[in-house]
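Read the structure below first, then the notes.
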Amino acid sequence: MVVFTGATSRTTRDRMPRGEAEHYRERALELGVPADAILVEPKARNTGENIEFSRALLADQGIAVSSVLLVCKPYEERRVYATARKLWPDVEWVCASAPMSFAEYIASIGDEYLVIDMLVGAQQRLMIYPDEGFMIRQDIPVGVETAYRRLVADGFTSRLVPTAAH
């Protein structure tokens with residue numbers, strides 16, 4: 001069973017105006033995935049909602065789940081895993097993303113400053129969300145936290161959680 005989940009985000013709304021879940025469902029059908037093997041959850045607007053809404057959809061369909069492969073953006077694997085483990089701890093989680101270099105990812109987005117902003121925002125969430133109960137805690141190497149603080153000081157702040165201290 002494949003569940004595609006998600007509405008749109010700032011980086012996908014122009015390319016996927018009908019929503020991420022619907023876009024990926026259409027592509028899977030084009031590639032030959034049978035329609036009866038696909039579920040669509042079109043309302044989630046963040047990782048927590050992706051997991052919670054998909055879990056509810058699967059339960060409503062009577063589908064028992066013991067393991068899940070999460071496919072996400074390359075820089076989001078740690079955060080997605082930590083969120084999934086917190087919200088649905090009795091499932092075995094594996095996270096994956098498209099294998100690509102940093103340069104290839106920047107080229108796919110088309111804006112290197114936006115990519116760095118997204119990385120900084122994802123790192124901030126890894127640091128603050130465990131205290132808010134949104135994810136399990138993960139060790140953050142000192143060098144990573146130092147680089148994060150330097151990038152924030154350099155103005156890469158558009159993807160930060162606005163109420164959190166930098």
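Residue indices begin at 1 and follow the sequence shown. Every value quoted in this text rests on a predicted model; they were computed, and no experiment measured them.
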Specify the closest pair of heavy atoms between [X] and [Y], including all atoms of both residues, with the distance to one decimal.
X	Y	result
T8	M16	CG2-O, 3.2 Å
I136	P130	O-CG, 3.7 Å
V65	V91	O-CG2, 4.0 Å
Q138	A82	NE2-CB, 2.9 Å
E104	P99	OE1-O, 4.4 Å
V3	S54	CG1-OG, 3.6 Å

(message) For V161 and Q124: C-alpha separation, side-chain torsions, deciding distance, then whether side-chain contact (heavy atoms from CB on, under 4.5 Å) applies.
(response) CA-CA 8 Å; V161 176; Q124 180 204 36; 3.4 Å; yes

Would you say that more than 12 heavy atoms from the other residues, nucleotides or ligands in this model lie under 6.0 Å from the [atom1] of [X], or not?
X	atom1	answer
D90	CG	yes
F53	CZ	yes
R85	CZ	no

Mind checking the [atom1]-[atom2] spacing from [X] to [Y]? Nearest 0.5 Å is all I need.
X	Y	atom1	atom2	result
E145	R150	CD	CZ	13.0 Å
L126	I140	CG	CD1	5.0 Å
N46	I51	CG	CD1	9.0 Å
R125	E132	CZ	CD	10.0 Å
I106	D111	CD1	CG	9.0 Å
T5	E20	OG1	CD	8.5 Å

Would you mind reporting whether [Y] and [X] have side-chain heavy atoms less than 4.5 Å apart?
X	Y	answer
L58	M1	yes
R27	F4	no
F134	K86	no
L29	I38	yes
V120	T157	no
E41	K43	yes
E76	S97	no
L70	W93	yes

(request) Hey, can you tell me if F156 and Y113 have their rings parallel, tilted or perpendicular (30° and 60° cut-offs)? (result)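 Judged by the thresholds at 30° and 60°, the geometry between F156 and Y113 is parallel.
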
(request) Find out if a path of hydrophobic residues (ILVMFWY) with successive side-chain heavy-atom gaps under 4.5 Å connects L119 to I109. (result)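 L119 and I109: one cluster.
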
(message) When you measure from the side chain of E49 to the backbone of R45, do you find a donor-acceptor pair of N or O atoms at a distance under 3.5 Å?
(response)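 Flag set: sc E49 to bb R45 pair under 3.5 Å.
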
(request) Keeping the roles fixed (side chain from E52, backbone from L87), state whether a donor-acceptor pair exists under 3.5 Å. (result)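 The answer is no, because no donor-acceptor pair under 3.5 Å joins these two groups.
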
(message) As a quick check of understanding, evaluate salt bridge (Lys or Arg N to Asp or Glu O under 4.0 Å) for E22 and R25, giving each step before the final call.
(response) CA-CA 5 Å; E22 185 58 33; R25 182 193 73 82; 2.6 Å; yes

(request) Start with the C-alpha gap between L160 and V152, add the side-chain angles, then the distance that decides, and say whether side-chain contact (heavy atoms from CB on, under 4.5 Å) holds. (result) CA-CA 9 Å; L160 294 180; V152 168; 4.1 Å; yes

(request) Under the side-chain contact (heavy atoms from CB on, under 4.5 Å) rule, what do S66 and E92 come out as? Steps first, then yes or no, please. (result) CA-CA 6 Å; S66 61; E92 180 183 342; over 6 Å; no

(message) Run the side-chain contact (heavy atoms from CB on, under 4.5 Å) test on E112 and Y105 for me, step by step, so that the C-alpha distance in whole Å, both residues' side-chain angles and the decisive distance to 0.1 Å come before the verdict.
(response) CA-CA 9 Å; E112 64 189 27; Y105 189 72; over 6 Å; no

